[in-house]
Amino acid sequence: MRPSRYNFREAEPRWQKSWDEAKTFATRTDDPRPKYYVLEMFPYPSGRIHMGHVRNYAMGDVVARYRRAKGHAVLHPMGWDAFGMPAENAAMEKKSHPATWTYQNIATMKAQLKSMGLSLDWAREFATCDPSYYRHQQAMFLDFLSGGLVARKTSKVNWDPVDQTVLANEQVIDGRGWRSGALVEQRELTQWFLKISDYSDELLSALDSLPRWPEKVRLMQANWIGRSEGLMVRWALDAATVPAGETELEIYTTRPDTLFGASFMAIAADHPLAKSASAKNAELAAFCEECRRMGTSQAVLDTAEKRGFDTGIRAIHPLVPGKTVPVYVANFILMDYGTGAIFGCPAHDQRDHDFATKYDLPIIPVVRAADLTDDVANAAFRREDPPVTEDGILFNSGFLDGLNVADAKEAVARKLETASLDNRPVGTRKVNYRLRDWGISRQRYWGCPIPIIHCEACGTVPVPKKDLPVKLPDDVTFDVPGNPLDRHPTWKHVNCPQCGLKARRETDTMDTFVDSSWYFARFTDPFNESEPTTLSAIQKWLPVDQYIGGIEHAILHLLYSRFFTRAMTKTGHATLSEPFDGLFTQGMVVHETYKNADGAWVPPADIRIETVEGERRAVEIASGQPVSIGAIEKMSKSKKNVVDPDDIIASYGADTARWFMLSDSPPERDVIWTEDGVQGASRFLQKVWRLVGDAVALPTGDSGQLHPVTKAAHKAILAVGEDVERLRFNRCVAHIHELSNALAEALASPDATKNADQIKAATRILVQLFAPMMPHLAEECWTELGGEGFVADAAWPVGDASLIVEDQLLLPVQVNGRKRADVSVPAEADNATVEALVLADASVQAALGGKPVRKVIVVPKRIVNIVV
RNA sequence: GCCCCUGUGGCGGAAUUGGUAGACGCGACCGACUCAAAAUCGGUUUCCGCAAGGAGUGCUGGUUCGAUUCCGGCCAGGGGCACCA
């Protein structure tokens, strides 16, 4: 006897087991069908999956299952981004080991993912903390090193003096360490860098080759790379004012057109000229030291005033004979951008204006509004006027007078390129990038060890590949701050592989972004034990056809992966440059927040929503006390507005959770999790269950007439297919609702029996259309309908467009742009016929009210507009 | 400060990219079934109006036979970058 309600508790685990046993979702490397690689950003094993994961993996699973049905060999793997600080923090708090904590979390989360019924090939699973994964990463690091893609440099870093570690910029909040709360210091450390800046230009220009990426992400990456075109200009220094050995100062500018407005030069405290000038000037040396100590965190920068110190050096203007300007050391000049030196033009730059005001330097306007004359502009100018940064007409600028900004830039570049100082050009065009090399050294335990040995005699020596992996030692302690690797009694003491003398292992580990920069490539053949990748597998499966994840990775992870793929290709580990052909960034899962009278956050599970006199109210279930309803925000533990996927799957089932996640909200936008919404999804699931039961119960019968339900089914096939391919899952859901409504109508009609065959065929189509979204229910219904094997293995139905075509069209008719009537016309009628039919229509004539027709516009199959 | 995105019913959102604004769902209301409730089924639901009709996609101007869609200005919300020369 068929139960009246679908029992997901019994059915879901049963189907998951059946798929497992049949190896339905195992990917075969020798599968000859066209490939399709679907990948969702792999999770960090933080403990439990959250609703964001459910949304992400539900979307990816729809794509994977749809592509399987369309006849692709689908690669849809899953793994774990398993290194990182939370494991060490947990180890400190719970006195356990990061590995224990991590692998336990993986076990828990894997079981949770399995309960979602995802079509994953679990045979390819790995965690980045497995030595079998990171050994290959170490091998690639060595190849990158010999390929010239790695540099060891000294740079300023954020240093947390309490936790004794380097912090990423994202981990510095208001100038303090995010964990310790200690004021972050700037420290010079020697670190390992990957030379991503060698690829600045290519990473930027190749963005144009990624049409299937969101425009927003490409734009964010372009801004991050930050290309600017400008001019390097060498200024001679007044010999009477310079320290011995200094003769010139080279600056970088994007506004060479404003050179005539120069009133000072400013150099960074770390600039070589600042250092040589400091040698004989104690006051200047002290100022430079102060600048260096100043942090570069947001909080410091926002409040710090612009300060400078006159070095006494005078620079000779390259275009104005006899003019010199003072050279300052200034605290707002960065050594690592451009040349670490600028010329200041206070009239056309806010910072320069602030500086000139403070030190009472000249302000010379050189760009004026086009509708003024030079005299009017000069007469109207006041020192306190805000700097003019818009385009305009050059004045007070010698040979540039009368030109616009763009032309003036070009004119200056031409002139200075040919001018010479010490037999070299004064000016050189130069493209600069904001993108810096990627510092990957972390003073952390739970990361991939950098396979280097430091030898007093031989310098930095790579660990021989035969000695890989450099494995993390297990016996470490977390009771004191700092890097456990560094204080481990034996681990770092090794002999130099070159000279055999006593040497020291590198105790820094790699940034965890390195781990995630190539996992997608490893998935193509995780079984290869001797090499990171298998080129034939790379060629077969990459690029990833559809990558899905959060927008928070728009820059770092995606940019690093694009760089890494190029680096892998350069070192023979890959054969392409762009890893992700299609990228989709999904929105967050958000929920209402609740606060009780004491101001404490209350989780949604502890409250009940009631409607009193048309007003929504929340009440705490345990106490019966009213709770205030707050803003809708991203689910977060701190605000307790979280809904546990386990609870939802237990009370509604995975299919309901998946269906709700895909309904209503467009996938790129945030989705608001509501109890009403989940119940609606659950109701639809049961409705489908009843419809299928009713259809199965029908005897066979065919009226021989095309039934509307067949039209509806074929319309839905075409619409759902198109919308899945464009990842518009909310529209897919709407189309499926429409088909189910048509089916319900057909089943309720008295002539259902006469049309049983068409109704059953339409039901079967319905099941196939929602199968990627609610796979368990679909299998259950498929079996009832007598389908062969799994619906997961069935071919996607073919939509017949000819069945949808109507022979009569109901054309809307507008009069002066306002809809007045609908007129039925033959679908194939030409414009003249349509016009005649429309004008003959009684309701149209009534709407015209006898006014003369001036013009009739017929848009075929769309609309008719009559102008009177 | 610079760059970008988004504003449509009570709510989430559709609208074939210049052609019937409000698909589909949620909520609400009315009705049927029931002793009753739940579930289910039928109906109503942009606003004003009894109706005929009129207004309506943040505001405002424009282009067009026709604008949610294109262009200009403004307002609001959100995001990215930021002493980057």
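Quick note on labels: first sequence line is chain A, next is B, and so on, each numbered from 1.
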A:Leu662 CG to A:Arg728 CZ distance, which is reported to the nearest 0.5 Å: 15.0 Å
Polar side-chain contact A:Arg436-B:C84 base: donor and acceptor under 3.5 Å: yes
side-chain N/O A:Arg351 vs B:A82 OP1/OP2, d < 4.0 Å: no
Shortest side-chain distance from A:Lys855, nucleotide among B:U20, B:A82, B:C65: B:C65
Interatomic distance at P, B:A55 relative to B:C4, whole Å: 37 Å
Euclidean distance, atom CZ of residue A:Phe729 to atom P of B:G25 [Å, nearest integer]: 20 Å
Main-chain N/O of A:Met335 paired to A:Asp270 side chain as donor or acceptor, under 3.5 Å: no
Base-contact (B) and sugar-phosphate-only (S) positions in nucleotides 4-9 of chain B, heavy-atom cut-off under 4.0 Å, - elsewhere: S-----
Nearest-neighbour nucleotide for the A:Pro666 side chain, B:G12, B:A85, B:G13 considered: B:G13
Nucleotide nearest A:Leu334 (side chain, heavy atoms from C-beta), chosen from B:U40, B:C84, B:G19: B:C84
Touch class at under 4.0 angstrom, heavy-atom based, for A:Gln814 against every strand present: base
A:Ser228 versus A:Tyr433, side-chain donor and acceptor atoms under 3.5 Å: no
Nucleotide B:C2, atom C1' - distance to CE of A:Met220 in whole Å: 15 Å
Sugar-phosphate, base or nothing in reach of A:Ile251, heavy atoms under 4.0 Å: nothing
Residue A:Arg5, side-chain heavy atoms: nucleotide from B:A39, B:A85, B:U20 that is nearest: B:A39
Where the chi angle of B:G9 falls, syn if within 90° of 0 and anti if not: syn
Integer-rounded Å distance: B:U16 C1' and A:Glu738 CD: 13 Å
B:C24 and B:A14, which share atom name P, separated by this distance in whole Å: 14 Å
Sugar-phosphate only, base, or nothing, as touched by A:Val867 at under 4.0 Å among non-hydrogen atoms: sugar-phosphate
Pair A:Phe684 and A:His737, ring centroids less than 6.0 Å apart: yes
Between A:Asp437 and A:Ser197: side-chain donor-acceptor atoms closer than 3.5 Å: yes
Separation between the C1' atoms of B:G25 and B:G18, rounded to whole Å: 28 Å
Distance-only side-chain donor-acceptor flag, A:Arg669 / A:Gln586, under 3.5 Å: no
Length of the CG-C1' vector between A:Asp676 and B:G25, whole Å: 12 Å
Whole-Å distance separating the CD atom of A:Glu668 from the C1' atom of B:G13: 11 Å
Closest-nucleotide ordering on RNA chain B, the 5'-leading residue of A:Lys687 and A:Tyr433: A:Lys687
Atom pair distance, as rounded to whole Å: CD in A:Glu722 and C1' in B:A14: 14 Å
Nucleotide nearest A:Ile857 when distance is taken to its side chain, options B:U17, B:C65, B:G12: B:C65
Integer angstrom distance from the C1' of B:C5 to that of B:G56: 25 Å
Residue closer to the 5' end of RNA chain B, A:Arg820 versus A:Val864 (nearest nucleotide): A:Val864
cation_pi(A:Arg434, A:Trp224) dist<6.0 Å, angle<=45: yes
Proximity to the side chain of A:Ile863 - top-ranked nucleotide from B:G25, B:C81, B:G19: B:G19
Heavy-atom closest pair, residues A:Arg218 and A:Pro211: NH1-CA, 4.1 Å
Gap in Å between the two C1' atoms, one belonging to B:A23 and one to B:U46, rounded: 15 Å
A:Arg683 vs B:G25: side-chain N/O to OP1/OP2 distance below 4.0 Å: no
Under 3.5 Å side-chain donor-acceptor pair for A:Tyr6 and A:Ser682: no
Sugar-phosphate, base or nothing in reach of A:Asn730, heavy atoms under 4.0 Å: sugar-phosphate
Distance, rounded to the nearest Å, where A:Arg728 contributes CZ and B:U16 contributes P: 9 Å
Helical stems, RNA chain B - three or more consecutive Watson-Crick or G-U wobble pairs below 3.5 Å: B:1-7 with B:75-81, B:10-12 with B:24-26, B:27-32 with B:40-45, B:46-48 with B:53-55, B:58-62 with B:70-74
Side-chain donor/acceptor of A:Asn865 to base of B:C65, under 3.5 Å: yes
Ring-face cation contact, A:Trp673 with A:Arg55, 6.0 Å cut, 45° max: no
Closest listed nucleotide, where the reference is the side chain of A:Thr254 and the choices are B:C24, B:A85, B:G12: B:A85
A:Phe355 six-ring centre to A:Lys306 NZ/CZ under 6.0 Å and within 45° of normal: no
Side-chain donor-acceptor contact under 3.5 Å, A:Lys819 with A:Asn865: no
Rounded distance in Å between the C1' positions of B:U8 and B:U68: 7 Å
B:G25 OP1/OP2 closer than 4.0 Å to side-chain N/O of A:Asn741: yes
Touch class at under 4.0 angstrom, heavy-atom based, for A:Ser663 against every strand present: nothing
N/O (side chain, A:Tyr337) to phosphate O (OP1/OP2, B:A85) under 4.0 Å: yes
Touch class at under 4.0 angstrom, heavy-atom based, for A:Arg854 against every strand present: nothing
Value in whole Å for how far the C1' atom of B:C26 lies from CH2 of A:Trp659: 15 Å
Salt-bridge contact A:Lys715-A:Glu738 (side-chain N to carboxylate O under 4.0 Å): no
Whole-Å C1' distance, B:A76 and B:A67: 22 Å
P spacing across the pair B:C33 / B:A38, given as an integer number of angstrom: 15 Å
Derivation of the ring-ring contact (aromatic ring centres under 6.0 Å, His included) call for A:Tyr328 and A:Phe309: CA-CA 5 Å; A:Tyr328 279 73; A:Phe309 194 100; 8.5 Å; no
Chi-angle category of B:U17 [syn within 90° of 0, anti beyond]: syn
B:A85 phosphate, OP1 or OP2, under 4.0 Å from A:Arg255 side-chain N/O: no
Sugar-phosphate, base or nothing in reach of A:Asp354, heavy atoms under 4.0 Å: nothing
